[in-house]
Asks: 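I have a structure here, written as structure tokens, and I will follow up with some questions on it.
Model, not experiment: these values are computed from the prediction. Order of appearance sets the numbers: ligands from 1, and atoms from 1 within every ligand. Index from 1, following the sequence. Every heavy atom of this structure was used, including side-chain atoms; hydrogens, water molecules and symmetry mates were not.
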Amino acid sequence: MIDPFGRHITYLRLSVTDRCDFRCQYCMAENMQFLPKSDVLSLEELEILCTAFIARGVKKIRLTGGEPLVRKNIMSLVNNLGRYLQDGILDELTLTTNGSQLEKYADDLYRAGIRRINVSLDTLDEAKFRHITRWGQIDKVLRGIQAAQEVGLSIKINMVALKGLNDDEIDSMLGWCVRNGMDLTLIETMPLGEIDVNRHDQYLSLQDVRDELSANWQLTESEYRTGGPARYLAVGETGRKLGLITPMSHNFCDSCNRLRVTCTGELYMCLGHDDNIDLRKVLRNHQGDRQAVEKAILEALTRKPERHYFTIDPENNRPTLERHMSMTGG
Ligand code: SAM
Ligand code: SF4
């Protein structure tokens, strides 16, 4: 798949549920209203979608959410997609998780062919963790990370940089990741969806963070790219990488290689635009016919925009987009 700007699309991020067992402040309101179950695609429908994308050249699939590991029977989808890895049709299957269910699933994920996962962890401080996630328990997450490492999964930690909340911990988080053999990616907050806190108050520029980290760490530009918004720095002699996702301060769209599908089957051509195509309608109107889905995907591709235009409006604290990150999974 090649879009109108010549970009090759090989990466699908698929949200498998809008539900979550946490309520991270920057992601959801505490009293989030979740979708009726009938609106959410069944695991079979999600699989048909994946096969349509794979047939059109997608080589990497990331499952996300909401929290992908709270979706009932999620392993049946993971195992079925894992077969495409064995056949060499898919290069990578991975997921982004809050880690709460990892202790339970780490082994199964590895057996299904997953080798790398992203775990979101914004702080190592128990009380702060509870404050940021509202409902999360850090010990469970840390046990999950340990279990994942024990079975052989590589882990990248995703940390959202939050002014006044965890900015004093970024240096020590990098140290913790390095000591435990994990990469770290820092993420600037993005203005998606109505939440209960003021985004402008939370926003922290990663350029400033990088300057501060440079006092203690030798950070050098790395050529490593994933076609996504992250830029990577090599961390001294440690062999580890520090990723910086800076949607607000930098443009990463030139090399975009991805499409996103929500758990209701909306195909978003860009995280920063509301334009989408309803693949659930196509699926349900055509009795799950994969070719009809492929046709719709190709049509959607012609509408992939050149770039996003995120802003946080400090005057009225309105998000750029109404949709929450838990719909498209980040
Ligand atoms: N529940 C899983 C997790 O937390 O890893 C997967 C879904 S979560 C929406 C994916 C990523 O998006 C997480 O790393 C989370 O920290 C990040 N995220 C959520 N809302 C965000 C926002 N408004 N700005 C920046 N990152 C956000
Ligand atoms: Fe849940 Fe992930 Fe959103 Fe936190 S960031 S509320 S864990 S979906």
Side-chain angles (χ1 to χ4, degrees), residues 13-35 62-71 74 94-102 105 116-123 129-138 140-141 144-145 148 155-163 165-166 173 183-206 228-230 243-249 252 258 260-263 268 271-272 308 310-312 317-330:
R13 296 176 71 105
L14 176 66
S15 173
V16 297
T17 178
D18 63 328
R19 281 152 216 267
C20 188
D21 50 349
F22 291 4
R23 292 289 182 279
C24 302
Q25 289 188 20
Y26 48 76
C27 179
M28 294 188 181
E30 187 155 20
N31 64 345
M32 276 292 282
Q33 294 296 311
F34 293 111
L35 296 162
R62 177 177 297 278
L63 304 180
T64 177
E67 174 47 41
L69 296 181
V70 302
R71 173 85 199 237
I74 185 65
T94 183
L95 86 163
T96 300
T97 173
N98 65 22
S100 69
Q101 310 298 315
L102 256 186
Y105 284 117
R116 299 192 298 175
I117 57 172
N118 290 355
V119 180
S120 305
L121 182 63
D122 301 325
T123 174
F129 186 84
R130 167 131 321 244
H131 176 69
I132 293 172
T133 64
R134 295 195 185 105
W135 294 5
Q137 286 173 303
I138 193 164
K140 233 175 145 187
V141 174
I145 290 174
I155 297 182
K156 181 162 75 67
I157 298 290
N158 279 348
M159 176 184 193
V160 178
L162 300 159
K163 189 158 74 185
L165 275 176
N166 64 4
M173 181 68 95
D183 292 331
L184 173 66
T185 291
L186 301 172
I187 310 175
E188 283 179 354
T189 51
M190 295 178 225
L192 296 185
E194 289 285 357
I195 52 172
D196 309 323
V197 292
N198 189 321
R199 292 190 188 279
H200 190 62
D201 292 346
Q202 289 186 335
Y203 177 71
L204 182 67
S205 157
L206 290 186
L244 302 175
I245 300 189
T246 56
M248 309 296 291
S249 46
F252 50 80
R258 59 199 58 195
R260 296 177 153 84
V261 175
T262 68
C263 62
Y268 283 88
L271 183 63
H308 74 70
F310 283 131
T311 51
I312 295 176
N317 189 36
R318 297 283 305 158
T320 308
L321 298 170
E322 299 299 326
R323 139 172 73 84
H324 286 88
M325 186 70 100
S326 51
M327 278 185 66
T328 35

Asks: Excluding sequence neighbours, so at least two apart, what forms salt bridge (charged side-chain N to carboxylate O under 4.0 Å, His left out) with D183?
Replies: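 So D183 forms a salt bridge (charged side-chain N to carboxylate O under 4.0 Å, His left out) with R240, K241.
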Asks: Could you tell me which atoms of ligand 2, counted from 1 in the order shown, lie closer than 4.0 angstrom to a heavy atom of F22?
Replies: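 Under 4.0 Å from F22, ligand 2 has these atoms: 6 (S), 7 (S).
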Asks: Measuring from non-hydrogen atoms of M28 to any atom of ligand 1, is the shortest distance under 4.0 Å?
Replies: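 M28 does not count as a contact of ligand 1 under the 4.0 Å cut-off.
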Asks: Consider every N or O of E67 and every N or O of ligand 1, then say whether any pair is closer than 3.5 Å.
Replies: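 N/O-N/O distance below 3.5 Å exists for this pair.
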Asks: Counting heavy atoms only, name the option from G66, C27, A161 that's nearest to atom 1 (N) of ligand 1.
Replies: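 It is G66 that holds the nearest heavy atom.
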Asks: What's the separation between atom NZ in K140 and atom CG in L102, rounded to the nearest 0.5 Å?
Replies: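 Atom-to-atom, K140:NZ and L102:CG are 11.0 Å apart.
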Asks: Could you tell me which atoms of ligand 1, counted from 1 in the order shown, lie closer than 4.0 angstrom to a heavy atom of T97?
Replies: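 It comes down to these atoms of ligand 1: 2 (C), 3 (C), 5 (O).
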Asks: Counting only N and O atoms by type, is there a donor-acceptor contact under 3.5 Å from the side chain of R23 to the main-chain atoms of R134?
Replies: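 Judged by distance alone, no pair lies under 3.5 Å.
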Asks: With sequence neighbours excluded, what pairs up with R130 under the salt bridge (charged side-chain N to carboxylate O under 4.0 Å, His left out) test?
Replies: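 Checked R130 against salt bridge (charged side-chain N to carboxylate O under 4.0 Å, His left out); zero matches.
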Asks: Counting backbone and side-chain atoms alike, does C24 have an N/O/S atom under 2.8 Å from atom 4 (Fe) of ligand 2?
Replies: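 So C24 does bind atom 4 (Fe) of ligand 2 by this criterion.
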Asks: With side chain to side chain contact (heavy atoms under 4.5 Å, CB included) as the test, pick out the partner of M159 among L121, T185, L184.
Replies: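 It is L184; the other options fail the test.
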Asks: Just jot down the ligand 1 atoms closer than 4.0 angstrom to any heavy atom of T64, in number order.
Replies: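 Close to T64: 6 (C), 7 (C).
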Asks: Short N/O distance, under 3.5 Å, between T189 and ligand 1?
Replies: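 There is no such contact.
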Asks: Quick one: does S120 get within less than 4.0 Å of ligand 2, heavy atoms only?
Replies: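 Not so, S120 does not reach ligand 2.
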Asks: Output the distance between atom CZ (F22) and atom CG (N98), rounded to the nearest 0.5 Å.
Replies: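 Going from CZ on F22 over to CG on N98, the span is 4.0 Å.
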Asks: Which of the listed options, A29, S15, C27, holds the heavy atom that is closest to atom 5 (S) of ligand 2?
Replies: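 Ranked by closest heavy atom to atom 5 (S) of ligand 2, first place is C27.
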Asks: With heavy-atom distances below 4.5 Å as the criterion, would you say the side chains of I117 and I155 are in contact?
Replies: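 Yes; the side chains approach each other to less than 4.5 Å.
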Asks: So, taking the atom named OG1 in T94 and the one named NZ in K156, what distance separates them when rounded to the nearest 0.5 Å?
Replies: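 With rounding to 0.5 Å, OG1 (T94) is 9.0 Å from NZ (K156).
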Asks: Heavy-atom distances under 4.0 Å are what count here, so tell me which part of C20 touches ligand 2: side chain, backbone, both or neither.
Replies: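 Contact part for C20 vs ligand 2: side chain (C-beta onward).
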Asks: Got M28 and F34 here, is their nearest side-chain heavy-atom distance under 4.5 Å?
Replies: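 The answer is yes, as the side chains (C-beta and beyond) meet within the 4.5 Å cut-off.
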Asks: Near V160, which atoms of ligand 1 are under 4.0 Å from a heavy atom of that residue?
Replies: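 Checking each atom against V160, I get 16 (O), 26 (N).
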Asks: Going by the atom numbers of ligand 1, which of them fall below 4.0 Å from some non-hydrogen atom of N158?
Replies: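 This gives 14 (O) as the contact atoms.
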Asks: Any side-chain heavy atom of L69 within less than 4.5 Å of one from L95?
Replies: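 A side-chain contact exists here, since the closest heavy-atom pair is under 4.5 Å.
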Asks: With a cut-off of 4.0 Å, which atoms of ligand 1 are near a heavy atom of S120?
Replies: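 Numbered from 1, ligand 1 contributes 3 (C), 4 (O), 5 (O), 13 (C), 14 (O).
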Asks: Identify, by atom number and element, the atoms of ligand 1 in contact range of G65, meaning under 4.0 Å from any of its heavy atoms.
Replies: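 Answer for ligand 1: 7 (C), 9 (C).
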